[in-house]
Amino acid sequence: MSDDLFEDAPCGYVVGARDGTIARANRAFADLVGIQASLLPGRRLQDLLTIGGRIYHETHYAPLLTMAGSVREIAVDFRRPDGTAIPVLLSAAVRGDEVLTIAFQATDRRRYERELVLARDREHAIAAELQRALLTGTLPEDPALDLGVAYLPAEAGLEVGGDWWDAFLLSERRIGLVVGDVVGRGLQAATTMGQLRSAVRALASMGLTPGPLLEALDAYARRHEVGRMTTVAYAEIDLVTGDVRWACAGHPPPAVAAADGVTFAWDGRSAPLDATNAPEPRSQGRLTLDPDGLLVLFTDGLFERVDRPLQQGLDALLAEIATYRAAPASELAEAVTRAALAGRRANDDACLLALRWTPAHAA
């Protein structure tokens, strides 16, 4: 490197020995450390660092340089004579007996990184607040209705997920239930949840039954490019007769508890929203609940695990529902959710919505 290029470089250049002793430093490096360039030869590079930087140099920087022959963009702080700490990025390479080191001031980068963290935290707070607003509504009430819900977000520190639920009156003695799972996390997922939740309510108010409702919801998703690959389970229950109609767009099937046991209702299945090249008809299932029978909607966070087959997870969930089937719906929802997630990290949201039909209480 020519003397002019060395001295006039826009970054700090240092030529030194393997032990860190400086042989030569340019003006930009001298400005970074606040020491005249003529006073730097003979000093060790690591002695110009903060205490934390010296420790990092000893435990990481120097060993890596020795083993690999180079280091790239190591973030440390120089300590100037006036006590000011200057953040820098160091890169170095071994050339024979010499070490060539480049130092870039990282003040702007540190500021940018802090701003990114603050922006991420703000977005997370907004998404969490929006999700709480969507998932903390008043449950419908009726003498023939026992309704309970449990929602467990993914572990603290992870972004807000896309599981959501809703329950609302369709008429005086008819109720609509919905559980969905939006692809993605964070503010975008929370916003999509709000859009789809509002769309389901609007479509239900038009008198659409579950199959046609999901067809209309799919058309909404395609038209507005929102909620692609979202899964949804929607059911409507007549609280006078116990008649249930439901449809699932790529979503896990409802669980039904009757006198002869707990089973999955596999009818009424179709693809997730906006998952095919062209819209397709969506079928729906129909059954009548036994008195004190249960209908349970849930998301995949309750049964999907990387350490076991999917069917084993579904079977385990059915067994937990059977265990708590006599409990009030709110207790059942909480107990089944806790049991399903016991002993493992919650990497995905989990939501369970349970309805028990109690016609005797309405008599």
Do any side-chain atoms of residues 265-274 form donor-acceptor pairs under 3.5 angstrom with protein atoms, and if so which ones, sequence neighbours left out?
residue	atom	partner	partner atom	Å
R269	NH1	H251	O	2.8
R269	NH2	H251	O	2.5
S270	OG	C248	O	3.4
S270	OG	R282	NH1	2.7
D274	OD1	R222	NH1	3.3

Does [X] reach the side chain of [Y], with side-chain heavy atoms less than 4.5 Å apart?
| X | Y | value |
| --- | --- | --- |
| F303 | P252 | yes |
| I74 | S91 | no |
| L196 | Y220 | yes |
| L203 | M206 | yes |
| L353 | L147 | yes |
| L352 | W165 | no |
| W357 | D292 | no |
| Y324 | E331 | no |

Under the 3.5 angstrom rule, does the side chain of [X] hit a backbone N or O of [Y] as a donor-acceptor pair?
| X | Y | answer |
| --- | --- | --- |
| D146 | P328 | no |
| R54 | L49 | yes |
| T21 | R43 | no |
| T263 | A255 | no |
| T276 | P279 | no |
| S205 | A202 | yes |
| T84 | R80 | no |
| R72 | A92 | no |
| N26 | C11 | yes |
| R325 | A258 | yes |

[atom1]-[atom2] distance between [X] and [Y], expressed to the nearest 0.5 angstrom:
| X | Y | atom1 | atom2 | result |
| --- | --- | --- | --- | --- |
| T288 | I237 | OG1 | CD1 | 12.0 Å |
| L294 | I321 | CG | CD1 | 8.0 Å |
| H57 | T50 | NE2 | OG1 | 12.0 Å |
| D300 | C351 | CG | SG | 11.0 Å |
| L213 | R245 | CG | CZ | 11.5 Å |
| R27 | L32 | CZ | CG | 13.5 Å |

Problem set entry | D19, CG: over 12 other non-hydrogen atoms inside 6.0 angstrom |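 Enclosed.
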For this session: Look at atom CD of Q311 and say whether more than 12 heavy atoms of other residues, nucleotides or ligands are closer to it than 6.0 Å.
Result: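 Atom CD in Q311 is crowded, with more than 12 foreign heavy atoms closer than 6.0 Å.
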In this structure, would [X] and [Y] fall into the same cluster of hydrophobic residues linked by side-chain contacts under 4.5 Å?
| X | Y | answer |
| --- | --- | --- |
| L310 | V262 | yes |
| I35 | L90 | yes |
| Y234 | L169 | no |
| W164 | V183 | no |
| V14 | L39 | yes |

For this session: Could you walk me through whether D349 and L152 pass the side-chain contact (heavy atoms from CB on, under 4.5 Å) test, one step at a time?
Result: CA-CA 6 Å; D349 296 354; L152 184 67; over 6 Å; no
Problem set entry | Side-chain donor-acceptor pair present, E236, T209, cut-off under 3.5 Å | no
Problem set entry | Any side-chain donor near an acceptor of the partner, Y151 and D163, under 3.5 Å |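 No.
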For this session: Check each of Y13, F78, F104 against F29 using the ring-ring contact (aromatic ring centres under 6.0 Å, His included) test, and report the only one that passes.
Result: F78
For this session: Assess whether side-chain contact (heavy atoms from CB on, under 4.5 Å) is satisfied between I175 and D142, documenting all intermediate values.
Result: CA-CA 10 Å; I175 186 172; D142 188 278; over 6 Å; no
For this session: Would you check, one step at a time, whether the test side-chain contact (heavy atoms from CB on, under 4.5 Å) holds for W246 with L287?
Result: CA-CA 9 Å; W246 77 93; L287 58 81; 3.6 Å; yes
For this session: In plain terms, say whether R173 and D238 are close enough for a salt bridge, that is, a side-chain N and a carboxylate O under 4.0 Å apart.
Result: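 Salt bridge absent between R173 and D238.
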Exercise. Between D243 and R286, is the closest basic N to carboxylate O distance under 4.0 Å?
Worked result: yes
Problem set entry | For I22, the option from D47, L48, V99, V15 that meets side chain to side chain contact (heavy atoms under 4.5 Å, CB included) |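 Among the candidates, only L48 passes.
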For this session: I would like to know whether V33 and L40 meet side-chain contact (heavy atoms from CB on, under 4.5 Å); could you show each step before the answer?
Result: CA-CA 10 Å; V33 298; L40 287 170; 4.2 Å; yes
